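Here is the structure we will look at.
Here the structure is a predicted model, which is why all the values come from computation and not from measurement.
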Amino acid sequence: MDNKGSSPALRMRIRVWNQLLGVLSLCHPGRYGSSPGKAMHVPPERSCSSGPCHGSSWPTETCQENHVDRLIKKAARPEELLELLGGSHHLDNNHAALVLIRLSHLLSEKPEDKALLIQDARFQQLLCLLNSQINSVWHGSLSRLLRSLYALGLPRTSKELQSVEQEVRWRMRKLKYKHLAFLADSCATLSQEQHSQELLTELLMHLERRWTEIEDGHTLVTIMMKVGHLSEPLMNRLEDKCLELVEQFGPDELRKVLVTLAAQSRRSVPLLRAISYHLVQKPFSLTKSVLLDLAYAYGKLGFHQTQVSQRLAADLLSLTPSLTSGEVARCAKSFALLKWLNLPLYEAFAQHVLNRAQDITVPHLCSILLAFARLNFHPDQEDEFFSLVHEKLGSELPGLEPALQVDLVWALCVLQQAREAELQAVLHPEFHIQFLGGKSQKDQNTFQKLLHINATAMLEHPDYSGPLLPASAVAPRPSALDRKVTPLQKELQETLKGLLGSADRGSLEVATQYGWVLDAEVLLDSDGQFLPVRDFVAPHLAQPTGSQPPPAGAKRVAFLRWEFPNFSTRSKDLLGRFVLARRHILAAGFLIVDVPFYEWLELKSEWQKGAYLKDKMRKAVAEELAK
């Protein structure tokens with residue numbers, strides 16, 4: 001093109017256009033003026049020493065599989081892999097890493113052969129080859145390689161292991177998010193050395209910063225399961241991402257997320273609500289294993305959603321004939337933790353026990369019995385069921401763990417099925433002495449149940465001949481009253497103080513020798529007037545305060561508040577523990593004024609609350625006189 005007569009602006013445009021054509025001819029040879037013969041050509045089989053991978057800053061995984069790759073994949077013995085180091089085979093770049101990965105896989109179930117392998121001269125030669133080619137190992141192979149070296153048990157001083165860890169640090173920004181998660185899981189599960197924990201810290205930092213790179217639900221769920229527990233900030237980010245992608249989840253992903261939350265005891269209410277919504281709204285076909293896992297997760301987290309619980313119970317009811325005893329026990333425990341009593345489902349559980357009386361094991365029977373006691377469930381075939389329970393536990397009870405023995409006898413007390421021999425077994429001095437000085441929370445809970453069992457023997461078994469807990473053991477402990485005051489408890493105490501007028505006319509927060517704490521206790525004479533309660537003998541106290549016997553016709557009244565957690569879900573039925581408490585207080589000679597939360601919340605003024613308690617007392621006395 002002739003530029004002589006053109007304007008400066010036109011000449012400038014022509015110059016820019018020519019430069020652009022030159023750049024394009026370099027980027028796309030053979031298309032913009034270059035010879036077709038100079039176009040790049042890659043053979044169908046080529047190792048990574050040439051072609052697209054060679055000469056680039058970071059290795060890629062676009063090379064085609066060659067003969068050595070296939071030999072590595074087909075190897076069934078470590079010896080076959082080590083033989084590749086000699087002979088006519090030439091291991092290029094990524095091959096050394098692949099051999100080590102395959103060796104780790106083959107020896108995963110043979111730990112005794114790992115030490116021999118590390119001492120093999122050919123293995124040391126393989127490590128040297130890897131060390132010399134580490135910068136050419138593909139990204140995906142690098143993450144699996146580090147895991148394999150950890151699994152093979154290379155010593156922390158191994159320069160090859162340190163070289164791979166350092167290579168991971170250099171490439172960390174280039175690695176995909178899933179590779180970072182895989183590496184973090186490897187560091188956490190396969191190596192506890194200081195250098196690997198330092199690498200883990202760096203990996204977690206990158207995972208926390210790059211969490212927005214997650215684009216699909218499968219990757220998100222996998223990362224949450226594998227490494228979410230390693231970092232609180234990371235888990236918070238993953239939960240936020242779950243809320244964003246939850247619409248894409250199928251039933252298996254929802255199950256995995258819930259089980260992961262349950263394993264970490266993370267009660268993320270927004271995420272649980274979102275998952276519950278999709279479980280209810282979408283017509284998922286839920287398998288038996290998914291149903292059992294969902295029930296477990298909801299129970300462990302204590303998160304109740306009525307429609308989800310109804311669906312789980314309905315679906316599991318139809319599958320009950322196909323459930324094993326272990327699955328029935330697990331399911332019963334899950335719904336007991338949820339405090340959800342579905343009568344048809346629990347009747348099916350009881351029938352399952354009766355149908356498989358010969359096969360059911362004692363641990364499974366124990367789990368089912370404890371679930372029944374928690375919900376205060378009495379099956380229709382009560383006599384047959386508990387005959388089987390006593391028959392199974394008769395010879396097995398003494399051989400069980402001491403705390404479990406107490407739990408089982410306590411459950412039988414709740415269900416009013418405890419026998420004298422079972423009471424004697426756990427109240428014997430040689431048995432209960434191991435729990436008297438327990439400082440752990442578990443030992444204290446077990447001892448509390450022993451107090452309830454002792455009260456059952458005293459109050460509900462008139463022919464019981466002993467033994468019982470000593471007087472020093474039933475004395476209330478400081479921890480019995482050292483609890484956080486609830487709003488209902490505080491309001492009730494203030495109202496009772498105003499109702500009584502004088503402190504000697506009643507007692508608040510009365511710890512009894514039966515293991516139960518009364519919110520208040522008053523003593524009424526035959527005319528319904530308050531008496532000075534501390535002046536009279538009180539057999540329910542471990543340490544008597546008065547010396548005079550109550551006058552004829554006097555009545556003791558106990559005030560018991562029932563909070564929201566004391567009831568079964570969506571029900572006004574008390575849980576088994578609190579049914580037992582109420583029975584004991586009645587058997588001790590008290591009239592009971594029940595103060596459930598759902599009635600108290602309807603009272604707005606102090607006058608209404610005082611009138612409510614007075615009316616409750618009058619009704620309790622009238623019912624007693626009517627008997």
### Task
If the plane angle is over 60° it's perpendicular, under 30° parallel, otherwise tilted; pick one for Phe564 and Phe597.
perpendicular
### Task
Answer yes or no: is there a side-chain heavy-atom contact under 4.5 Å between Pro470 and His432?
yes
### Query
When you check the gap from the basic side-chain N to the acidic O, do Lys442 and Glu401 get nearer than 4.0 Å?
yes
### Query
For Ile275, which of Val280, Val246, Leu243 qualifies under side-chain contact (heavy atoms from CB on, under 4.5 Å)?
Val246
### Task
Identify whether the distance between the nearest side-chain nitrogen and carboxylate oxygen of Arg356 and Asp359 falls below 4.0 Å.
no
### Message
Taking Glu624 first and then Lys555, would you say they form a salt bridge - that is, a charged N and a carboxylate O separated by under 4.0 Å?
### Response
no
### Task
Using the six-membered ring wherever Trp is involved, compare the ring planes of Phe578 and Trp562 and label them parallel, tilted or perpendicular (cut-offs 30° and 60°).
perpendicular
### Query
Is NZ or CZ of Lys226 both nearer than 6.0 Å to the six-membered ring centre of Phe182 and within 45° of the ring axis?
no
### Query
Can you tell me if NZ on Lys282 sees more than 12 non-hydrogen neighbours from other groups inside 6.0 Å?
yes
#### Entry: Donor-acceptor side-chain pairing of Asn376 and His378 below 3.5 angstrom
yes
### Query
Does the pair Lys256/Asp293 count as a salt bridge with the N-to-O cut at 4.0 Å?
no
### Short N-O contact, Glu422 and Arg419, less than 4.0 angstrom
no
### Task
Report the relative orientation of the aromatic rings in Phe377 and Phe372; use parallel for angles under 30°, tilted for 30 to 60°, perpendicular for over 60°.
perpendicular
